[in-house]
Amino acid sequence: MRILIFIIMLFSVISGCKSNILAPTPTIKSSQKQSPEPKLNVTVSKSINGLNDILETLSSQKDIFNIKESPNKKYVVYMHSDTATSYDKLTLHLWRVGDPQPLETSKIEEENVGNVLWSPNSESVFVDTGTSAIRSGDLFFAEGLKKVTSLGYYHAIYFSPDGKKILIGSTNGKTSNIKSKYIAPDNIVSLVIYDIASNKADTIFKGSDNEDYNAIGWLDNEAVSYHLNKYSDPNGELKVDFVKYKYDLKSKKSVIDEPKINKSANGKDGMAIEIELGKEKDIFNETWSPDHGTVVYGEGNNNEGLGKIFMWRVGEEKPSQIVPNDTGYPIGNFSWSPNSEFFTIRIAASPESGGYLIKVDDQKTTSIQCFMEPFFSADSKFLLFTGEENIQSTYKVAGSGESLNISLMDLNTFKTSVLIPSNDKINYSALGWAGLNKVMYRKYDFSTNMDEILEYDFNQNW
């Protein structure tokens with residue numbers, strides 16, 4: 001168990017949102033498609049139906065916000081404002097790839113939209129709203145944009161890897177007498193799993209005056225990660241016991257899931273690490289893990305993104321350098337796996353167009369020869385990326401002329417396999433995951449100038 005005041009950072013904004021109550025409405029079957037009267041609010045200047053065409057059209061208009069393509073690349077949702085500002089009421093719209101115009105429109109006006117989220121299976125869309133850590137939102141079926149339910153929650157929602165359930169830290173309007181003396185928001189938080197098909201919410205652990213259950217995310221379809229926070233004020237000061245757990249949905253049992261680290265007497269909690277890094281002017285790309293247990297960052301030339309890369313785990317006295325030397329190239333994005341056990345580093349403008357995969361426990365570093373950003377699977381078992389092959393071709397005149405394939409790394413063995421090999425006429429690029437075992441990719445044939453977005457089920461073909 002570790003004692004942290006890091007929780008104060010998460011509660012640093014004042015409570016306030018349109019709803020804090022789990023309020024399901026009757027389930028709408030996705031097969032019951034109803035087409036409301038079209039209300040386009042989009043200027044279509046030409047006949048279009050490709051994904052890129054749709055994204056380009058929507059991005060060019062000032063009254064369109066929160067444009068999000070579905071994981072399977074078959075839909076694009078967006079929010080429309082009658083006043084051309086995201087601070088006023090917004091309406092959710094959906095545009096099917098292949099259709100000349102967007103036809104489906106939600107009749108619900110949303111306020112204070114923070115984000116629009118797709119389920120991993122592309123069947124549901126969630127509109128996140130609110131202006132604080134205590135938030136609310138509406139869930140819709142993609143087909144017909146019919147509302148399924150409203151949820152009140154703390155911080156964020158988490159779709160299961162198969163897209164069938166949602167994990168939240170649920171708030172019901174009740175407040176904690178202990179927390180209210182020291183921090184805001186002071187709402188009591190319970191751990192809840194909502195099943196989309198049955199339209200039912202199951203409270204896994206109920207919060208109390210001195211206990212909160214904060215959701216972290218899904219480890220797989222049958223296991224979730226959460227923090228149990230216990231509050232006390234023995235000497236007139238707030239004390240928080242902060243422990244990470246893993247809960248198994250089948251056995252209905254929890255086990256402590258703390259990382260193995262070399263804690264020292266002078267080890268720092270999350271808030272102390274934040275304060276320490278905030279004092280330094282040469283720190284950049286600071287990125288925390290989903291479980292808030294580790295932060296990775298660059299240190300050096302902030303303006304140019306040049307320098308060394310460090311990792312600092314909660315409980316350790318000081319950070320450790322994870323890549324031996326200055327790369328000499330700009331440090332790109334850090335991306336975490338959902339289970340917080342791995343992260344990737346993009347090294348921009350390097351000859352290999354590559355980066356590194358880091359395993360947090362033992363700092364094992366694996367070089368990745370990839371083009372563009374890699375993608376972790378929702379269960380953190382695989383890393384999908386666009387690999388490079390040294391196949392020179394007169395057809396391929398863009399970039400280095402090298403050929404690109406679809407590659408997959410098993411994060412248990414660190415073995416990389418080529419799912420879809422390239423050739424002298426065709427390049428492939430990974431676009432992300434459309435489910436646990438399905439990946440989306442782009443196929444471009446240089447000999448015919450044909451550009452396609454396709455789906456690959458590697459359980460059936462690999």
task = Measure from NZ or CZ of K253 to the centre of the six-membered ring of Y247 and say whether it is under 6.0 Å with the direction within 45° of the ring axis.
result = no
Residues which pass side chain to side chain contact (heavy atoms under 4.5 Å, CB included) with N221, listed by chain and number, not counting sequence neighbours = S160, P161, D162, L436
Heavy-atom pair of closest approach, residues Y213 and K206 = CE1-O, 3.5 Å
task = Could you list the residues that satisfy side chain to side chain contact (heavy atoms under 4.5 Å, CB included) with I275, not counting sequence neighbours?
result = M271, K279
ask   = Under 3.5 Å, is there a donor-acceptor pair between the S190 and T203 side chains?
value = no
task = Classify the side-chain pair Y194/D202 by whether it contains a donor and acceptor separated by less than 3.5 Å.
result = no
ask   = For the side chain of S132 and the backbone of I134, is there at least one donor-acceptor N/O pair under 3.5 Å apart?
value = yes
Sequence neighbours excluded, every pair satisfying ring pair (Phe, Tyr, Trp, His ring centres under 6.0 Å) that has a member inside residues 159-179 = none
task = For D186 and S180, work out which heavy atoms get closest and say how close.
result = OD2-CB, 3.0 Å
message = Less than 4.5 Å apart, side chain to side chain, heavy atoms only: is that true for S81 and Y87?
response = no
note = In V77, V116, V76, T57, the residue satisfying side-chain contact (heavy atoms from CB on, under 4.5 Å) with I67 is V76
inquiry  = Treating E104 as the side-chain partner and G144 as the backbone partner, does any N or O pair qualify as donor plus acceptor under 3.5 Å?
reply    = yes
request  = Spell out, as yes or no, whether a donor-acceptor pair under 3.5 Å connects the side chain of T386 to the backbone of S429.
outcome  = no
message = Counting only heavy atoms from other residues, nucleotides and ligands, does the tally under 6.0 Å from CD of E452 exceed 12?
response = yes
request  = For K68, look at atom NZ and say whether over 12 heavy atoms of other residues, nucleotides or ligands are found less than 6.0 Å away.
outcome  = yes
query = At their closest point, which heavy atom of H292 faces which heavy atom of V314, and how far apart are they?
reply = O-CG2, 3.7 Å
ask   = Run the salt bridge (Lys or Arg N to Asp or Glu O under 4.0 Å) check on K179 and D212 step by step: do they pass?
value = CA-CA 10 Å; K179 288 197 294 182; D212 278 341; 2.4 Å; yes
